[in-house]
Amino acid sequence: MDSKIRTEFKNRFGADGIRYASSGRINLIGEHTDYNGGFVFPGAIDKYIEAEIKPNGLGVVRVYSVDIDEYVEFGLKEEDAPSQQWARYIFGVCREIQKRGGKVEGFDAVFAGNVPLGAGLSSSAALESCFAFALNDLFNDNKIEKFELARIGQSTEHNYCGVNCGIMDQFASIFGKKGHLMRLDCRSSEFEYFPFDPVGYKLVLIDSVVKHELVDSPYNKRRESCERVAAKLGIETLRDASMEMLESIKDQISAEDYNRAKFVIGEKQRVLDVCDALNSGDYETVGKRMYETHHGLSADYEVSCEELDFLNDIAKECGVTGSRIMGGGFGGCTINLVKDELYDGFIATAREKFAARYGHEPRVYDVVISDGAHRIG
Ligand code: ADP
Ligand code: MG
């Protein structure tokens, strides 16, 4: 990928630029916690977007996407927005930097990536973060704070791509650090690194390649349940709720709202437990909490689906240490922590059984926790 980008850049623009990269991400635990003021626990992975960039002094951006094999030019004013979706991510980053008083001038770029698209690993955040980091370095003497770079990516999704996302993906892509996961407090935006170096284990995603579109927005309904329970408790978000508090109002709320809140309160504690476990290198406890999260997402929060429960059951049968839905649910991937010696058997079994039942194989992505946004050279 690296040499392909360099060759393309040289051929198209007749010089060498500076190369930057930023990663996709996983979230080990902490699901549906962001809008409840809770914790998420992501890390950057060894799948990334790489771009070679050079200022061109022309006041226009000229960019070639290796993977899509498309070349686009655009200016830097609001009305210059390109129509190609992939280019809008880059245009949006330029505009969001400018809106914050930062500087962006014309540049040439060639980029490529190996983050699977739309698989829940946030290829879009990798793309935004790569360009946000690069343009900060090239035009702003790195004066824009890193957290602001993440917000620039998030605003790009909101304002130029029609995706109303939280901050986790861009945060993870920008701040990722090899051998570490990050516990992000979604209420205060404070975060802390925890060691993640599971010697003797692999982290692997099994992608069901299904996405169930549901009629009434289940995401909004989950949010409303959480808000109703918080209001009943007289608190802002479920971040401040305990199981005792929930029990004390059990007869005043619906069974459904009770179950939703029970999951969220439990999930907050599970993230904290996993952090403690990682500090002592206890990956067995990490795995147990992952299974508990899956169970909660499936039975109490009811955002699983048959395919994901099926993959989770296979993991259990194969003796996998930890397995759970990753992401909002209703399709997508499971994330699995599996001992090296069980890995081959698990993957073969998952492929075979899933294909026999659903008529297509799942996709398999090995991931290693790696550095986030950085300059290559
Ligand atoms: P994800 O969950 O992977 O972030 P999205 O739909 O949010 O899925 O983002 C995928 C979009 O990001 C693609 O449709 C494309 O516009 C852009 N993108 C991601 N990776 C690349 C790449 N390697 N080359 C060009 N565009 C990319
Ligand atoms: Mg995305």
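In this chain, numbering begins with 1 at the start of the sequence shown. Just follow the structure's listing: the first ligand is 1, and inside any ligand the first atom is 1. Every heavy atom of this structure was used, including side-chain atoms; hydrogens, water molecules and symmetry mates were not.
For the pair K268 (side chain) and R239 (backbone), a donor-acceptor distance under 3.5 Å is present.
Residue D207 holds its CG atom at 4.5 Å from OH of Y365, rounded to the nearest 0.5 Å. The line from CG of L205 to OG of S323 is 10.0 Å long, rounded to the nearest 0.5 Å. Note that the CG atom of L308 and the CZ atom of F330 stand 10.0 Å from one another [nearest 0.5 Å]. Here the OG atom belonging to S129 is positioned 8.0 Å from the CG atom belonging to L149, to the nearest 0.5 angstrom.
Every atom of ligand 1 is numbered from 1 in the order shown, and the set under 4.0 Å from a heavy atom of G113 is 23 (N). Within ligand 1, counting atoms from 1 as listed, the ones closer than 4.0 Å to a heavy atom of S65 are 24 (N), 25 (C). Close approach to W86 involves these atoms of ligand 1, each under 4.0 Å from a residue heavy atom: 16 (O), 26 (N). The atoms of ligand 1 that sit less than 4.0 Å from any heavy atom of G118 are 1 (P), 2 (O), 3 (O), 8 (O). Each of the atoms 3 (O) of ligand 1 lies under 4.0 Å from some heavy atom of P116.
Within the 2.8 Å limit, S124 places at least one N, O or S atom next to the Mg ion (ligand 2).
Neither the backbone nor the side chain of V66 has any atom closer than 4.0 Å to an atom of ligand 1 (non-hydrogen atoms only).
Considering backbone and side-chain N/O atoms, S123 comes within less than 3.5 Å of an N/O atom of ligand 1. On a distance-only criterion, E157 and ligand 1 share no N/O pair closer than 3.5 Å.
For F41 and F191, the ring centers sit 6.0 Å or farther from each other. Ring centroids of Y35 and Y219 are separated by less than 6.0 Å, placing the two rings close together.
Among protein heavy atoms, atom 12 (O) of ligand 1 sits closest to Y89 CE1, 3.5 Å. The closest protein non-hydrogen atom to atom 24 (N) of ligand 1 is F111 CE1, 3.5 Å. Among protein heavy atoms, atom 7 (O) of ligand 1 sits closest to S124 OG, 3.1 Å. The protein non-hydrogen atom at the shortest distance from atom 22 (C) of ligand 1 is D67 OD2, 3.7 Å.
Note on K353 versus E317: salt bridge recorded, some NZ/NE/NH1/NH2 to OD/OE distance being below 4.0 Å. At a threshold of 4.0 Å, the pair E96-R100 counts as salt-bridged, since one of the basic side-chain nitrogens sits closer than that to a carboxylate oxygen. One finds a salt bridge joining R260 and E256 here, because a Lys/Arg side-chain nitrogen approaches an Asp/Glu carboxylate oxygen to under 4.0 Å.
Looking at L127, L117, V163 and measuring to atom 14 (O) of ligand 1, the nearest heavy atom belongs to L117.
For I68, the closest heavy-atom approach to ligand 1 falls below 4.0 Å.
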